[in-house]
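Here is the structure we will look at.
The chains referred to below are lettered A, B, ... by the order of the sequence lines, with proteins before strands, and numbering in each begins at 1. Computed over heavy atoms, backbone and side chain alike; hydrogens, waters and symmetry mates excluded. Because the structure is predicted, anything quoted here is derived from the model rather than measured.
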Number of protein chains: 2
Amino acid sequence: MHLRLDFGDERSIGPGKIRLLELINETGSIFGGRPSPRDCPTVRPGCWSTSSTACFREPVVTAQTGGGGGGGAAVTGTGNDIVRLYREMERRAYGASTPEIRSLARLLTPPASSKIH
Amino acid sequence: MHLRLDFGDERSIGPGKIRLLELINETGSIFGGRPSPRDCPTVRPGCWSTSSTACFREPVVTAQTGGGGGGGAAVTGTGNDIVRLYREMERRAYGASTPEIRSLARLLTPPASSKIH
C-alpha cells in the first residue's frame, strides 16, 4: 500500500516519483531510474519523462558528464529533501491510521496476483 | 491537498470516489453524484462509472425505485463504512504529518489558479 499526496492542478507526489529518485541515487544513472514493475508496482508506463518532475519549483535531477560510463545523473539537494520528507510523511501517516487503512484494505477485491487465472 | 491510498492492481481509494459517495448521500441520486470541478477538483473526467467502485468486494451504491423523482440511489452500509474510514484515515494521517506535507507543498510549483495567464 502506498500513499499519494494530491495537491491539485496535476501536482502530486507519490511512490512512482519517489522511487525513481531513489533508484537514480542507487545507480547514478537516469537509465537506472527506469523502474521495473517489481521495484515500483504503481508506476505508470512512460512515467519517466520531464513531466515526472515538472511539478517541482527546482530541478530534482542533474546530468553529470565524464566518468567511465560516459556520464550519469544525480539527485539534487531539493530532490533528496523531497525523498526524505515523503518517506517521513509516509511513515507517520501510516503509523497514525493503520487500523483504518487495514479496514479499508479488507473491503477491497483481492489483488490480481491472488486471483485464479 | 488530498491523500490517496494506492493498493496496487488498480485498487485505490481517494478523494474522487469518496466525494461521489458523499454527494449521493446528500442528493439521493446518482446524477447528484456527478461532482462539479468545484466540489471535487481532483476527480478525473468520466470518473463516474462502474469502474469507480469495481475495486470493492460489495456494492457501495444501490438503485432505489419509486418516489416523486422517479427513483434515486443510496449508499450502502459498506459504502458508508468506506467513507467513514477514509475520512478518519485522512484526519489522522494529516494530523501526524502536517509539517512534512507543508514542506513538500512549498517545493511544488504554484497552483495554476495563482499563475498569471
Counting heavy-atom pairs under 4.5 Å with chain A, which one of B/Leu104, B/Asp81, B/Leu3 comes out on top?
B/Leu104
Taken in chain and number order and not counting sequence neighbours, the residues that satisfy side-chain hydrogen bond (donor to acceptor under 3.5 Å, both in side chains) with B/Arg102 are none
Mark yes or no for whether B/Thr109, through its side chain, and A/Cys55, through its backbone, hold a donor-acceptor pair below 3.5 Å.
yes
Heavy-atom contact with chain B under 4.5 Å, split by part of A/Leu108:
both
Of the backbone (N, CA, C, O) and the side chain (C-beta and beyond), which part of B/Ile13 lies under 4.5 Å from a heavy atom of chain A, both, or neither?
side chain
Side chain, backbone, both or neither: which part of A/Arg106 has a heavy atom under 4.5 Å from chain B?
backbone
A/Thr78 (side chain) donor-acceptor with A/Val60 (main chain) under 3.5 angstrom
no
Name the member of A/Arg11, A/Glu10, A/Arg84 that forms the most heavy-atom pairs with chain B at distances under 4.5 Å.
A/Arg11
For B/Pro15, is there any backbone N or O sitting under 3.5 Å from a side-chain donor or acceptor partner on B/Arg19?
no
Please evaluate residues B/Thr76 and B/Glu58 with respect to the criterion side-chain contact (heavy atoms from CB on, under 4.5 Å), reporting the C-alpha separation (whole Å), side-chain torsions for both, the decisive distance (0.1 Å), and the verdict.
CA-CA 9 Å; B/Thr76 65; B/Glu58 297 180 18; over 6 Å; no
